[in-house]
K.L.:
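Below is a structure I'd like to ask you about.
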Amino acid sequence: MPKFKRLPAKFYHQNTFKIAEELLGKFIIRKIGKRALIGKIVESEAYYGPNDLASHASRGKTARTKIMFDQAGTAYIYLIYGMYYCFNIVTEAKDFPAAILIRAAEPINLSKKANGPGKFCRAFKIDKNLNGENLITSKKLYLVENPNEKIKKSQIKKAKRIGVDYAGKYKNKLWRFYLKNNQFVSKK
DNA sequence: CCTGGGATTTTCT
DNA sequence: GAAAATCCCAGGA
């Protein structure tokens with residue numbers, strides 16, 4: 001097993017879009033008892049600020065979305081379409097709503113595919129119990145440096161977000177990022 | 001190749 | 001009561 005270096009608090013206190021790009025290639029680790037599930041992040045989507053109509057936070061702070069207003073480095077997990085969980089990483093200062101949806105990961109030691117936000121959570125056994133988890137201190141769910149690979153800017157593709165056609169002018173924002181030529185990206 | 005609908009439940013109107 | 005930051009499968013062209 002290689003030695004994994006956890007991403008520090010400082011990493012989560014950068015600009016949301018920079019983090020969304022830098023997350024690509026990083027490893028996510030989910031510990032369940034003595035087992036660890038590991039995947040490489042290959043696709044992310046940014047949801048930024050109170051005016052982004054695609055963001056849950058655009059309608060203000062509610063019981064569900066209050067986590068998005070929390071401090072950077074918090075996990076925001078919600079149930080979509082009644083059956084799939086989505087995993088997000090909260091960014092920006094407290095009381096500024098922003099988060100990054102992790103859409104896909106390349107399996108390192110996973111038995112299931114993770115090429116889509118719902119499937120990602122299924123593969124990692126992520127559910128509402130982990131909502132609000134602190135990724136900087138958690139023992140169950142956290143992110144680490146990729147010890148084998150450095151991602152270059154030229155490997156990153158920017159694209160429109162998925163499933164947000166209702167979001168007016170925000171639907172065309174290039175706020176989705178993924179690794180070029182990676183077969184585990186949910187949609188090219 | 002494409003389009004459309006069902007599953008299932010939380011959330012807001 | 002309708003819609004939702006999804007996924008999978010069926011059916012038609």
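Heavy atoms only: backbone and side chains are in, while hydrogens, waters and symmetry mates are out. Sequence lines set the chain letters: A, B, ... in the order given, protein chains first and strands last, and positions in each chain run from 1.
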K.L.:
Measure the distance from OH on A:Y78 to P on C:dT6 and round it to the nearest whole Å.
P.N.:
6 Å
K.L.:
Report the secondary structure of DNA chain C in dot-bracket form, marking unpaired bases with a dot and bases paired to a different strand with |, and treating Watson-Crick or G-U pairs with both distances under 3.5 Å as paired.
P.N.:
||||.|||||||.
K.L.:
Return yes if some donor-acceptor pair links the side-chain N/O of A:K173 with the main-chain N/O of A:K160 below 3.5 Å, else return no.
P.N.:
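No; judged by distance alone, with no hydrogens or angles, the pair does not exist.
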K.L.:
Indicate, yes or no, whether a donor-acceptor pair under 3.5 Å links the base of C:dA4 to the side chain of A:Y166.
P.N.:
no
K.L.:
Just the rounded figure in Å: distance from C1' of C:dC7 to CD1 of A:I162.
P.N.:
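Taking atom C1' of C:dC7 as the reference, CD1 of A:I162 is at 13 Å.
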K.L.:
Rounded to whole Å, please give me the gap between OH in A:Y47 and P in C:dA4.
P.N.:
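In whole Å, C:dA4 P and A:Y47 OH are 13 Å from each other.
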K.L.:
So that I know where these two stand, are A:Y48 and A:Y170 an aromatic pair - ring centroids less than 6.0 Å apart?
P.N.:
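Distance test on ring centres: not under 6.0 Å, no.
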K.L.:
Do A:F124 and A:L110 have side chains that approach each other closer than 4.5 Å (heavy atoms only, starting at C-beta)?
P.N.:
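Heavy-atom side-chain distance check passes, below 4.5 Å.
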K.L.:
Contact class for A:G82 vs. all strands (heavy atom < 4.0 Å): base, sugar-phosphate, or nothing?
P.N.:
base
K.L.:
Using atom P of each nucleotide, how far apart are B:dC2 and C:dA5 to the nearest Å?
P.N.:
24 Å
K.L.:
Could you state the atom-to-atom distance from NE2 of A:H56 to P of B:dT13 in whole Å?
P.N.:
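Checked: the NE2 to P distance equals 13 Å.
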K.L.:
Does A:F4 reach the side chain of A:F27, with side-chain heavy atoms less than 4.5 Å apart?
P.N.:
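A side-chain contact exists here, since the closest heavy-atom pair is under 4.5 Å.
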K.L.:
Specify the separation, in whole Å, of atom CG of A:N88 and atom C1' of C:dT6.
P.N.:
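It works out to 13 Å between those atoms.
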K.L.:
Choosing from C:dT6, C:dA5, B:dT9, which nucleotide comes nearest the side chain of A:L79?
P.N.:
B:dT9
K.L.:
Indicate the atoms forming the closest heavy-atom contact of A:L179 with A:I151, along with that distance.
P.N.:
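Reported closest heavy-atom pair: CD2-CG2, 3.7 Å.
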K.L.:
For A:T65 and for A:M83, find the nucleotide of DNA chain B with the closest heavy atom, then tell me which residue's nucleotide is more 5'.
P.N.:
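Whichever sits nearer the 5' end wins; that is A:M83.
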K.L.:
Of all the nucleotides listed (C:dC8, C:dT6, B:dT9), which has the minimum atom distance to the side chain of A:R122?
P.N.:
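Taking heavy atoms from C-beta onward, the closest nucleotide is C:dC8.
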K.L.:
Would you compute the distance between atom OH of A:Y47 and atom OH of A:Y76 and round it to the nearest 0.5 angstrom?
P.N.:
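Going from the OH atom of A:Y47 to the OH atom of A:Y76 covers 10.5 Å.
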K.L.:
A:Y81 or A:K128: which one's nearest nucleotide on DNA chain B is closer to the 5' end?
P.N.:
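Closest to the 5' end, via its nearest nucleotide, is A:Y81.
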K.L.:
Side-chain contact, heavy-atom cut-off 4.5 Å: A:M68 with A:S55?
P.N.:
yes
K.L.:
Nearest whole Å is fine: how far is B:dT8 C1' from A:D127 CG?
P.N.:
16 Å
K.L.:
Give A:R103 one of three labels, base, sugar-phosphate or nothing, depending on what nucleic acid heavy atoms sit under 4.0 Å from its own.
P.N.:
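A:R103: backbone/sugar contact only, no base atoms under 4.0 Å.
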K.L.:
So if I take every side-chain heavy atom of A:Y84 and compare against B:dT11, C:dA5, C:dT6, which nucleotide ends up nearest?
P.N.:
C:dT6
K.L.:
Hey, is the side chain of A:R59 poking within less than 4.0 Å of OP1 or OP2 on C:dA5, counting only N and O atoms?
P.N.:
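No, because none of the side-chain N or O atoms of A:R59 sits under 4.0 Å from OP1 or OP2 of C:dA5.
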K.L.:
Is there side-chain contact between A:I19 and A:H13, with heavy atoms separated by less than 4.5 Å?
P.N.:
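In short, these two side chains do not touch, never coming nearer than 4.5 Å.
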K.L.:
Between P on B:dT10 and CZ on A:R64, what's the gap in Å once rounded to a whole number?
P.N.:
12 Å
K.L.:
Could you state the CD1-P distance from A:I126 to C:dA5, rounded to the nearest angstrom?
P.N.:
19 Å
